[in-house]
Amino acid sequence: MPSTNDWINNPLGVVEEMFGKIQVETLPHDSYNTVPSLNDVPLHYLKPNSLVKFRCLIQDMFDPEFYMGAYDTVDPSTKAKVLRCGKYKDVTECGVDLDSANMVTSERQTFYCVPIPGESPWVKEISSCARVVPSTSYVPSRQKRSYEDDDEDDMDTQPQAQGTPAAAEAQGNGDSKRQETEAPSGQKASSPPLDLNFPLPGEKGPACLVKVYADWDSFKLNDTMEVYGILSVSPALSALSDQSDTSSSLILDPAECMETAEELRVHSPPASLVPRLHLIHTQRLAHNNPLLPPAALEDTLASTLGEMVSVRAELLAYFTQLLLGDVLAAEYLLLHLISNVYARRDVIPLGKFTLNLSGCPATAGPAYTEQLYCALQQLVPSAYRLSMTLQNMNQLRLVPRKDYVANRLLSGALQLAANTSLYLDETQLEQGQLDPAGVRNITALGNVISWQKVDYDFNYHQMEFPSNINVLIASEGRSLLPSDCHVHLQPQVTPPNMEAYLGSALTAQSSSQLNKFRLYLTMARTLDYSISEEVTKAVEDDFVDMRKDDPQSISADDLHSLLGVARLLCLSLGQSALSTDAWSRAKHIETLRKSRSEPQGCLNGNEP
Amino acid sequence: MSSPMSTPGGKRGRPSNPSTPATSPPAQRRRGQPSSNGDLPLMPTSPPTDMPDPLQDTSLFSSPRRSVLPSEVDMSSPLIGARGTPARQRPDLGSVRKSKQVDLQSEPSAADGAAAAEQPAGQRLVIWGTDVNVATCKEKFQRFLQRFIDPSSKEDENSCLDLNEPLYMQKLEEISIVGDPVLNINCGHVSSFDAELYRQLVCYPQEVIPTFDMAVNELFFERFPDSILEHQIQVRPYNALKTRNMRSLNPEDIDQLITISGMVIRTSQLIPEMQEAFFQCAVCAFSARVEVDRGRIAEPAVCRNCNTTHSLALIHNRSMFSDKQMVKIQESPEDMPAGQTPHTTVVYAHNDLVDKVQPGDRINITGIYRAVPMRVNPRQSNVKSVYKTHIDVIHFRKTDEKRLHGQDDENEQRLFTEARVQTLRELAAKPDVYDRLSSALAPSIYEHEDIKKGILLQLFGGTRKDFSQTGRGNFRAEVNILLCGDPGTSKSQLLQYVFNLVPRGQYTSGKGSSAVGLTAYIMKDPETRQTVLQTGALVLSDNGICCIDEFDKMSDSTRSVLHEVMEQQTLSIAKAGIICQLNARTSILAAANPVESQWNPKKTTIENIQLPHTLLSRFDLIFLMLDPQDEAYDRKLAHHLVSLYYQSEEQLEEENLDMAVLKDFIAYARSYIQPKLSEEAGQALIEAYVEMRKVGSGRGMVSAYPRQLESLIRLAEAHAKVRFSDKVETIDVEEAKRLHREALKQSATDPRTGFVDISILTTGMSATARKRKEEITAALKKMLQSRTKTPVMKFQQLFDDLRGQSETAITKDQFEEALKALCDEDYLTISGKTIRLAT
């Protein structure tokens, strides 16, 4: 039985050993935490062909590829044939006997994965701290220095990287390591830097080509997961793209010349920038909150359920402070943050709760909305603030588009993981003209809000991908985008210095307090929910009564939103069934909210 | 570069020499490495398939030579009669060259020999690596060609052929007349005629197709010895049922004949691929030909004639090239599982298949699936462990090419399994199928049974009838529906649901669409400077449903394009030098909000939604979606909504299944059921129509027009389709009548009298309103006649006078209308606020 250490340092050896005996490769369970993560450790500190993990989102799916699953190699000197396993490798051993009867062709699928877009800094911080025992020589504290010195004394870090005996064994890979680190600089000189195709602008981190060996149909685009796989950074892979300009014989190869240079660059990027990961184990992530690891879900749930009410009160107080003393808006903000599309009935997504927070003080400039976003970002695991300036709307690519020349899906800002908070800052919108791209962008935002779907542009047709994005719109007046719920902010306090006021509110929260909030928000989202027979009856009666008095007062749509609010209210209190109390409370806050927006009621019933 | 005569089959099997020991079937050897066999001398560097006859090769460039001796062509050439016709290479089959073969020579051929020895000598000859016996295969195929009859053939290309005669013999005759030496063979036919032959064709296309070529040519030149063709006939099989979907391709399909469907996304430039290099010695002008071997040419270092070293130079224009094009295809959106991105596949088209398809075409491709190993570096020996895959295409078939001019393309769109058809038929046989289906439609939307039924009938549509011979053109078979009513009554949700249900649906909003967006526009392609016709929503939803939300917000000019679409089902375009008529056989499902946010029950439909009656009369059914404001209804609605919020996953699953069944049911009925009116049904329709006319005639108005009769027929046909019945029967007419009446009751009730009045929809005004208008006009005229002495009057004053005179209240609108009527009679003229009597 291979030990955890074997798995991490020499997984290919373990696989090779198992090959031919039993075909099941299983990873010891206790080892998850000890595996180094690509998210935290710079690539050049990781040993090639070691086991690493990567927390990512499937950004694109490439075509399946056929590879040599098993093959014979012939030693040129001894003519001895050895059967080899081709799984988890990009390059075969030397001397492949192409005509051997033992050759097995197998199929695998490649996914292009990027780090979860918009992941909050605190998530990165906590998950990198949770990492135990770096089995590589990488020490986080050295990070700073190595970045600075990377260019001049690369050689300096090399000996240390090979310090462990395991690394010394893999001496053959030593040279390759040097090439990898140098590759990017060489690349820059000759061709424009590779676009790593991150959904959001300004993202950092490695992208990865993940090779999947089984059950690839169960993966869906935009799935988030943590993959455990064998890192492959063989420079031979990058050779393909480096050579396209120099090698003449390559042009002649009929199989090669058919692909455009762009396609080659995208599909076989330099391994130093986009490492290959041969998947051994995946863990789907329902959320990326490191405070609530999936293994400990049950325990945490049981222990914190009782505290939920008190945490809710604290969080509400915090939000009230942020929203300038508006308790009602604070309550809605809380409900919004725990909303989640939990089911779809034919075309209707259930559980979405888009909040439009209007009346944001504009006098203070963008400071208020920006600070509010910072506060929210500290609480949710992933968030993105889209400043709806005219320029952004006209120029940003929101909807992913298929690029047929490079044969890949060009990502857009709406390609987000489930439960990402999208913060639309409409206070930034000024008068002007939207061009056709801008109109399309606005339509795309509207579709996300109303139907929770994004129509990806495949040039000849569109393809609909369901989304699960929490959209919060901050605006001065009522937003031009549709929303499920519109709250007009009524500030109770008017601090003279907005920035200082919010800044002090932000810093007043201790990190343990913040962690409590973070845990609470994620927990409330995962709770189950049901409505008992009696309560159903009560709700029906209530509805009939309300209609009897004034049929105009409540329509079917109103009932819909009322039920939505009631559900979120229950969840926020840690209850998993609707109670009559919660129902009347929901009715109460809805009435309060409506009375605020009454004067701005819409005409002609053109509700989206 | 194999010509049909120098095929692997011909060489390896040596059918002409039965005493040669036969080789064994593939046994343990993998396919894809055809190569040397025991009885052939080893041919270094050049694979056997790529040995062209030097004389043959010139045929590509020079005119056919008639002096080619058969003995020179190939040792086993069957084409004794084909002297005048040159063979043509088939690079689509011959790309074995690209796979690795050089190592094969080191493979001991003893194993083959041993296996062969065990075989009984005689006719059991098979091609190396397969179980194909060339002679048997040829014979079988010739028998197939001579005997195969398909009386039930529906393919349009066979339309002019006699279905009771052997199909392919007629095609051969066609070839002899037309001179296009390509014979397309439907693999389905082969399969039904000889399953074993079909299996061999699919498994060993590389060997079997050349054998077919031989067989066809033999047969052809026997029959038409005098015909001259450009080159020998090539067989192009299509419709291999092996694989339908790109996603299901797997390593087992390598080197097999497959058919997949997809969409062309990119085509490359034409690539001249060198097949053979021509070298000439600079000293003595001695020429040498060198085969291209795996993309490389071994340049001869020494001239064989004069022994000068490095004197040979490549002469490009005497080298031989073949056309090649890379085509990228992508899975069509219908074939894809949700949440995944489409796969793409590289396809190589050769020779005359080059430039047959354009990006955007939907095509079915039949070809051979290939996998080629990739080298990391040509000079390194270790190989990247990944293969490159592509398809060498043998046959292209566009699936949508008939859409612009043909009649029905639904037949080939969907294939249903036997079991599926069985379930659907069982469902259709149930007496309550109509109710079941309508309740499965948009279950999340509560009630509105009749509206759902109407939409259900719209999804099925009527039977398409062709009256072009009598000069009326096509009758519309599509049902158009308008939903109007209060906001927040889930109209948009219904539209969204329908849009998601039908395969070719389009969803637009009246606010955001322009006339060109709906119809078509001309665009200059920035690269090619070609003018391209880009189709809009209406054309894209041909044979589908176009959902238009916020119909009332649409601008008048946009709406006007709908007139033609909704009755003639075509779109005429005349712009940028392109004049054409496109088919837009689309059903329209529109939703409109009332002008005054809330539906005003005191007003007619026209007044409420402010749409021109010319457009309204084109809708078969107009439904009002109103808030019923009734306690029992409210209670049920509340229950329905609450249940939405806690239903378990399983219940949701069940419904999804229903949606899939519903989809298939509709698709099946649309393509296979074409009901015709029965005698009784015809009678019932006549009666219904006469009755509708009678209702109105009693009150001096017309309550039905031929358009209403046509609607009834369409609805009855659609209802028959729901029952999978080929005949429209009385019950269908009954339901059509009921639904039509229901819709009328909702939309065409005169709010003043409470009677159903079709003229509200057809002329925009109810008969009573018209009568009232006439009365006011008469009264006004009378009043004006009484005071002829003052020929000029103030508008307001006259209005007040008339109001004072009349017993009933007169609105300003009515007054204006009356004035306008008199103005039209030339009785008076209006200028601004003054009214002047005409003299």
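All values below were derived from every heavy atom in this structure, side-chain atoms included, with hydrogens, water molecules and symmetry-related copies excluded. What you are looking at is a predicted structure, and each value in this text was computed from that prediction instead of being measured. Chain letters run A, B, ... following the sequence lines, proteins first and then strands; every chain starts at 1.
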Polar side-chain atom of A:Y456 near backbone of A:S411 as donor-acceptor pair, under 3.5 Å
no

Can you label the angle between the B:Y369 ring and the A:F66 ring as parallel, tilted or perpendicular, going by 30° and 60°?
perpendicular

Quick check for you: among A:D541, A:D60, A:L409, A:T443, which has the greatest number of heavy-atom pairs under 4.5 Å with chain B?
A:D541

Just so I understand: if I count every heavy-atom pair under 4.5 Å between each of A:L221, A:D63, A:I58, A:N407 and chain B, which residue has the most?
A:D63

Which bit of A:K211 comes within less than 4.5 Å of chain B, counting heavy atoms only: side chain, backbone, both or neither?
neither

Can you say whether B:T389 sits under 4.5 Å from chain A via the side chain, the backbone, both, or neither, judging by heavy atoms?
side chain

Which atoms of B:V264 approach chain A - backbone, side chain, both or neither, heavy atom under 4.5 Å
backbone

Output yes when a side-chain donor or acceptor of A:D403 lies under 3.5 Å from a complementary backbone atom of A:L410, and no otherwise.
no

Please flag which part of A:M61 lies under 4.5 Å from any non-hydrogen atom of chain B: side chain, backbone, both or neither.
both

How many angstroms lie between OG1 in A:T110 and NE2 in A:H278, if you round to the nearest 0.5 Å?
9.0 Å

Below 4.5 Å from any heavy atom of chain B, which atoms of A:Y404 appear? Answer side chain, backbone, both or neither.
both

Count the heavy-atom pairs under 4.5 Å between each of A:E65, A:E464, A:K220, A:E540 and chain B, then report the option with the highest count.
A:E540

Testing the basics here: between A:P64 and A:E107, what is the closest heavy-atom pair and its distance to 0.1 Å?
CB-OE2, 3.6 Å

Close side-chain approach of A:F458 to B:M263, heavy-atom, < 4.5 Å:
no

